[in-house]
Amino acid sequence: MTTAAAGGPVRARLRDRVAASDPGLLRLGAGLRTVGAIALALTVLALLGTDVTHLVAGALAAMVATFAIREKQRGQQAVTLALGLPVALASMTVAAVLHSNVLAGDLVFVALIFCAVYGRRFGDRGTALGLIGFQIYFMSLFVGATVDDLPELCGAVAVAFGCSALVRFVLVPETPSGVLQRLRDAFRARLAQLLSAQLDLLDAGPEEADRALERVREGTARLHETALLIQGRLAEGTADEAAARLIQRRVADAEIAAERLGLSLLGARGAERVDTLTLHLPDAPVPSGGRQPVRDVATATLRRDLEALRLLVLRPVDQAAGTSVAHLRNRLLGYRDEENLPDASPAVQDVFRRIGEASRAVLGLRIALGGAQDEADDTPATARSREELDAEDAVLDAEEEEPAEELRGLRRPTTRAAVQVAVGSALAIVGGEMLSRDRWYWAVLTCWIVFLNTASTGEILVKGYRRLLGTVLGVLAGIVLAGAVGHHTWTAFALVLLFVFAMFYSAPLSYTLMSFFVTAALGLLYTLLHTYSLSVLVLRIEETALGAACGVIAAAFVLPVQTDRRTNELLATVLERLGEVTRSAVDQLSGGPPDELLDQARDLDQSLADLRAATQPLTHPVTPLRARRETARYVVALLETCAYHARSLAATAELLPTHPSIAADPRLRRAAGRIAHNIEAISAHVTGEHATDGIETGPSIASLLGPDVPGAPRYGRVTDRVLRHLQRLDEGVAGLARPLGVPVKAREG
């Protein structure tokens with residue numbers, strides 16, 4: 001094998017690894033665009049003979065002009081960037097004019113902060129313009145802008161915005177379709193990683209079982225994260241609504257199939273009772289009886305087919321499969337027919353069935369993504385799978401969603417946050433000026449930042465703690481770097497660029513790490529401005545602590561949103577959407593009209609993601625309330641389990657119009673009535689409606705179907721599958737009663 005030939009698979013594996021670690025290359029793109037804009041601005045300004053102070057101003061303006069723009073369409077980005085320049089110039093002019101008038105400057109700064117936060121109600125553009133106005137005002141304070149400096153500063157800012165536009169639209173362009181394509185690649189890569197983890201679970205011994213299960217759990221969560229990212233980019237990145245819904249369905253099918261495969265592997269290990277919660281609850285141990293590796297006459301075949309499925313997933317969609325790959329695909333799809341299952345125990349045979357269903361999902365995903373099709377070598381089983389997929393695709397349609405009720409006044413989150421930030425910033429200004437007449441603005445910046453993307457007092461407290469920790473570590477690094485760099489201007493700028501890239505690349509992963517890189521870069525900027533000293537960096541820590549404290553005080557006493565209230569509101573939303581998906585799916589499975597199940601399932605996933613983020617203050621490692629932390633983790637895991645079964649019900653219900661072999665079962669509506677009642681009872685308890693009804697428990701869901709009607713069709717494995725999901729959903733919803741304190745009615749009969 002030649003070196004070039006060997007390099008191909010290596011590059012492909014590296015590409016898949018990068019795609020999986022950074023879905024859509026969103027973090028890499030953000031870092032490159034920001035660093036590119038700063039580097040280009042510095043180069044242009046240096047060629048124009050700009051001094052160091054204005055170089056720093058241009059670098060900061062280029063950074064703001066790049067990261068503030070969040071819109072997905074290039075035309076909208078261009079308009080916002082064009083509007084951002086006059087906003088930046090106006091903000092800087094006001095700061096320079098009020099440079100010597102401390103009181104007026106403070107009042108204007110607070111008013112600007114209020115307007116910047118209030119502007120979030122106008123969407124991405126309002127958020128971007130508010131951010132530009134605030135950050136440029138802060139930059140003016142940082143470099144000590146005066147009226148005499150305005151011509152040079154305005155020129156530097158204009159150059160910075162121009163360089164940002166050049167990098168964004170020419171040098172490091174980003175298109176919605178390109179991002180969506182990279183997210184698709186990331187989904188394939190993460191699906192392959194999950195299959196690798198499942199393959200390890202197949203062979204893991206007693207000592208490695210917990211670690212192998214944890215890898216499966218992490219892979220399942222990462223795959224779901226990527227699916228949510230894809231859903232958020234579908235509208236802008238696809239040609240029309242039908243194409244978006246097709247990809248949405250195929251991504252959901254693949255995710256559900258992969259999760260079912262993981263559950264069946266746990267069952268094949270001999271677990272006495274495979275509980276879906278095991279795949280969602282962090283640090284949950286391997287179920288009883290499931291510590292031994294799979295030992296069966298068909299284990300070698302199972303291992304081979306799991307590896308074959310992983311190879312099919314990794315096959316680029318734009319390449320023709322070839323005869324050998326077609327043979328693998330045909331063999332795996334053949335497991336959808338009972339007669340093709342190998343001789344094995346029932347639990348292992350179930351794994352082969354799941355491999356067949358996962359192969360069908362992979363085939364559907366390839367077709368939806370426009371992959372090369374090679375139908376010449378199709379077996380009857382493969383041809384049938386294609387026909388099913390084509391029939392499903394033909395019935396896709398779209399309906400417009402009803403607009404949500406708009407909140408008004410102080411009930412609107414943006415208005416409440418604007419008032420809170422304004423009060424917190426005013427406190428930060430007063431306290432900051434007591435610490436330093438020259439660098440008080442660091443406290444204001446911290447107060448501003450801890451309010452970004454937070455909605456409760458607990459979230460602000462956690463964010464403030466992380467920023468303070470990152471700042472302390474960054475100050476220590478800044479001390480070392482300042483001494484090493486000395487007065488080497490361009491060495492310092494090179495390190496600043498490196499830290500800026502690291503800041504944007506690490507931001508979604510760790511807020512503490514991001515704060516570390518920010519503070520380290522600022523230490524270098526102080527060196528460039530010849531204002532560096534140990535006392536300045538210590539003051540930076542003090543101002544940061546003060547700003548975080550002011551933010552927490554404002555959040556706690558000014559129009560407060562307690563963490564419990566916030567999580568209860570989000571929990572009620574999750575329960576409402578869980579009930580909607582369940583009712584709609586069961587109604588369709590019972591013979592009712594088709595509904596917008598895909599959209600409902602997507603809304604459920606998004607609300608659950610919001611709840612997961614809001615519970616971070618409760619589940620943070622430093623929280624002293626250990627029991628409360630475990631309760632929050634358990635409730636979220638139970639809800640994720642319920643959401644999985646609801647998605648599975650929705651996916652099965654969507655097969656009804658196109659699969660003659662799947663018959664509606666009217667009895668399911670009666671069997672699911674208890675689940676709907678229990679969801680409503682828990683939701684009423686959470687929202688504080690003082691409902692007197694508790695949840696109901698009783699016999700299994702299957703027993704509620706009643707006896708078969710003579711002469712009625714046999715519903716077979718499809719109804720059995722639905723019943724399994726309904727039973728797990730019933731158990732999951734009932735399991736929420738104890739941690740949430742909902743009364744349980746006495747068991748009937």
Using side-chain heavy atoms (C-beta onward) and a distance below 4.5 Å, is Leu199 in contact with Leu265?
no

Within 45 degrees of the axis of the six-membered ring of Tyr505 and under 6.0 Å from its centre: does Arg27 put its NZ or CZ there?
yes

Quick one: list whatever passes side-chain hydrogen bond (donor to acceptor under 3.5 Å, both in side chains) with Glu225, sequence neighbours left out.
Arg190

Would you sort out whether Leu597 and Gln600 count as a side chain to side chain contact (heavy atoms under 4.5 Å, CB included), showing the intermediate values?
CA-CA 5 Å; Leu597 292 176; Gln600 292 178 3; 4.0 Å; yes

Hey, are the side chains of Leu312 and Leu332 touching, using non-hydrogen atoms and a 4.5 Å cut-off?
yes

Does NZ or CZ of Arg33 fall inside the cone over Phe67's six-membered ring, less than 6.0 Å from its centre and within 45° of the axis?
no

Residues 568-581 vs side chain to side chain donor-acceptor pair (under 3.5 Å), sequence neighbours excluded, gives Arg565-Glu569

Scanning both residues in full, the closest heavy-atom pair of Arg188 with Arg315 reads NH1-O, 3.7 Å

Is any side-chain heavy atom of Leu729 less than 4.5 Å from a side-chain heavy atom of Leu578?
yes

Calculate, to the nearest 0.5 Å, the distance between atoms CG and OG1 belonging to Leu726 and Thr582 respectively.
8.0 Å

Residue list, side-chain hydrogen bond (donor to acceptor under 3.5 Å, both in side chains) with Arg612, at least two apart or on another chain:
Glu640

Intermediate values then yes/no, side chain to side chain contact (heavy atoms under 4.5 Å, CB included), Ser196 and Arg310:
CA-CA 7 Å; Ser196 296; Arg310 194 181 73 87; 3.0 Å; yes

Donor-acceptor pair, distance only, cut-off 3.5 Å: does the side chain of Arg168 make one with the backbone of Thr66?
yes

How would you list, by chain and number, every residue that makes a side-chain hydrogen bond (donor to acceptor under 3.5 Å, both in side chains) with Tyr644, sequence neighbours excluded?
none

Do Leu575 and Val733 come within less than 4.5 Å of each other through their side chains, counting heavy atoms only?
no

Given side chains that start at C-beta, do those of Leu639 and Leu736 come closer than 4.5 Å, heavy atoms only?
yes

Option among His280, His224, Arg354 that satisfies the side chain to side chain donor-acceptor pair (under 3.5 Å) test with Glu259
His280

Are Leu649 and Val581 close enough that some pair of their side-chain heavy atoms sits under 4.5 Å apart?
no

Nearest heavy-atom contact between Ala368 and Ile247 is O-CG1, 4.1 Å

Could you please spell out the steps behind the salt bridge (charged side-chain N to carboxylate O under 4.0 Å, His left out) verdict for Asp350 and Arg353?
CA-CA 5 Å; Asp350 191 57; Arg353 291 190 190 97; 3.7 Å; yes

When you check the gap from the basic side-chain N to the acidic O, do Glu357 and Arg260 get nearer than 4.0 Å?
no

As a quick check of understanding, evaluate side chain to side chain contact (heavy atoms under 4.5 Å, CB included) for Leu306 and Leu261, giving each step before the final call.
CA-CA 10 Å; Leu306 282 171; Leu261 179 57; 3.9 Å; yes

For Asp124, check side-chain hydrogen bond (donor to acceptor under 3.5 Å, both in side chains) against everything at least two apart and list the hits.
none

So Leu266 and Leu213, do their side chains get closer than 4.5 Å, heavy atoms only?
yes

Of the non-hydrogen atoms in Phe187 and Glu255, which two are nearest, and what is the gap between them?
CZ-N, 4.2 Å

Quick one: do Arg182 and Asp185 make a salt bridge, cutoff under 4.0 Å?
no

Donor-acceptor check, side chain of Gln588 to backbone of Ala653, threshold 3.5 angstrom: yes or no?
yes

Whether Arg583 side chain and Ala676 backbone form a donor-acceptor pair below 3.5 Å:
no

List the atom of Leu611, the atom of Leu571, and the distance in Å for their closest heavy-atom pair.
CD1-N, 4.0 Å

May I ask you to decide if Ala258's main-chain N or O and Gln198's side chain share a donor-acceptor pair within less than 3.5 Å?
yes

Is any side-chain heavy atom of Arg728 closer than 4.5 Å to one of Cys642?
no

SB check Asp605 Arg602 (cutoff 4.0 Å)
no

What closest approach, in Å, do Pro23 and Ala186 show between heavy atoms, and which atom pair accounts for it?
CA-CB, 3.6 Å

Judged by atom type as modelled, is there a donor-acceptor pair below 3.5 Å linking the side chain of Glu696 to the main-chain atoms of Arg674?
no

List the atom of Thr80, the atom of Leu129, and the distance in Å for their closest heavy-atom pair.
O-CD2, 3.9 Å

Qualifying residues under salt bridge (Lys or Arg N to Asp or Glu O under 4.0 Å), relative to Arg184, sequence neighbours excluded:
none

